[in-house]
J.: 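Take a look at the following structure, please.
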Amino acid sequence: MDFANILFGGPCNRACPFCIGKQLAPALRQNNLRLYPLRSQDEFIRQVRHRGIGQIVLTGTNTDPQLYRHEQRLLEDLRRQLTQTQFCLHSNGALALRKMTVFNQYDRVCLSFPTFEVDLYQRLMGSRKVPDLAEIVRQSRVPVKISALAAHTSAEFLDRLLEIGIRRVVLRRLYGVKETVRLPEGLVLRGDYRGNPVYDWNGMEVTDWSFDSSESTSLNLFPDGTISPDYLLTRASA
Ligand code: SF4
């Protein structure tokens, strides 16, 4: 098994029209933002240890994991109990600058960031507050990867990411939405990662990620305490 997800549920600080978490059964997206320990936390740790899983991702079904009240405490406890495991945050970046201390305690971070343009950001994320990505990268002590939307990725967008110091980008398709995707010309095919093409953009790695062709496997701790390797459910990750 490649990795494990700890999934948070609750109100979000963004309102993406295509948020997959909203399509999940209510139990799987119930609010756990104030809970400590999480439901089934000990059993999840036991299974991660037993299966030798090397990476845990803190992410959301329908919320931003940085809204979790006990983020730092959870991370510290997990590190104490799982000394061989790496920890990764998947967030929309809205709280990154306010929570930089804990942000820098992960091994790496992936931020959902589809555009620098306010109007387009509003359309895609339901808010006009575009996180200051350049400042986040400047203050980050850990590698930051960007998760963007394939259908809205332009050469200018990739150039700007490169300019502020991003070295890895993953391009996603909107789940369940018919869209035309034309990737920027100039991407040079470098290989593939689990069936997904990996390109080079002037030294930046760009993966064209399609959930449907992915062969990744994961163990998931849902907000209601369900522990499941069901890959379909992981599509809800923020
Ligand atoms: S997609 Fe992510 S950031 Fe957007 S509303 Fe859903 S959980 Fe929040």
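Since the model is a prediction, treat every value here as computed from it, not as a measurement. Just follow the structure's listing: the first ligand is 1, and inside any ligand the first atom is 1. The basis for the numbers below is simple: all heavy atoms, side chains too, and nothing from hydrogens, waters or symmetry mates. The residues of the chain are indexed from 1 along the displayed sequence.
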J.: Can you list the ligand 1 atoms lying under 4.0 Å from a non-hydrogen atom of Cys12?
T.: 3 (S), 5 (S), 7 (S), 8 (Fe)

J.: Under 2.8 Å from atom 4 (Fe) of ligand 1, can any N, O or S atom of Cys16 be found?
T.: yes

J.: I'd like to check which ligand 1 atoms, numbered from 1 as shown, lie under 4.0 Å from a non-hydrogen atom of Asn62.
T.: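 Reading through ligand 1 atom by atom, the close ones are 7 (S).
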
J.: Would Arg98 and Gln66 count as having a side-chain donor-acceptor pair, cut-off 3.5 Å?
T.: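 No - no donor-acceptor pair under 3.5 Å links their side chains.
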
J.: Return the CD1 to OG1 distance between Ile6 and Thr59, rounded to the nearest 0.5 Å.
T.: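 So the gap between those two atoms works out to 10.5 Å.
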
J.: Does Thr63 use its side chain to pair, donor to acceptor, with the backbone of Pro11 at less than 3.5 Å?
T.: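 Yes, Thr63 side chain to Pro11 backbone: donor-acceptor pair under 3.5 Å.
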
J.: If only atom types and distance count, is the side chain of Tyr121 paired as donor or acceptor with the main-chain N or O of Phe113 below 3.5 Å?
T.: no

J.: Measuring from Gln105:CD to Glu76:CD, what's the distance to the nearest 0.5 Å?
T.: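 CD of Glu76 is found 6.0 Å from CD of Gln105.
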
J.: Find all atoms of ligand 1 within a distance of less than 4.0 Å from any non-hydrogen atom belonging to Arg14, and give their numbers and elements.
T.: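 Going through ligand 1 atom by atom, the ones under 4.0 Å from Arg14 are 3 (S), 5 (S).
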
J.: Among Thr63, Asp64, Ile20, which residue places a heavy atom closest to atom 7 (S) of ligand 1?
T.: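 Answer by nearest heavy atom: Thr63.
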
J.: With a cutoff of 4.0 Å, is Asn92 in contact with ligand 1, counting heavy atoms of the residue only?
T.: yes

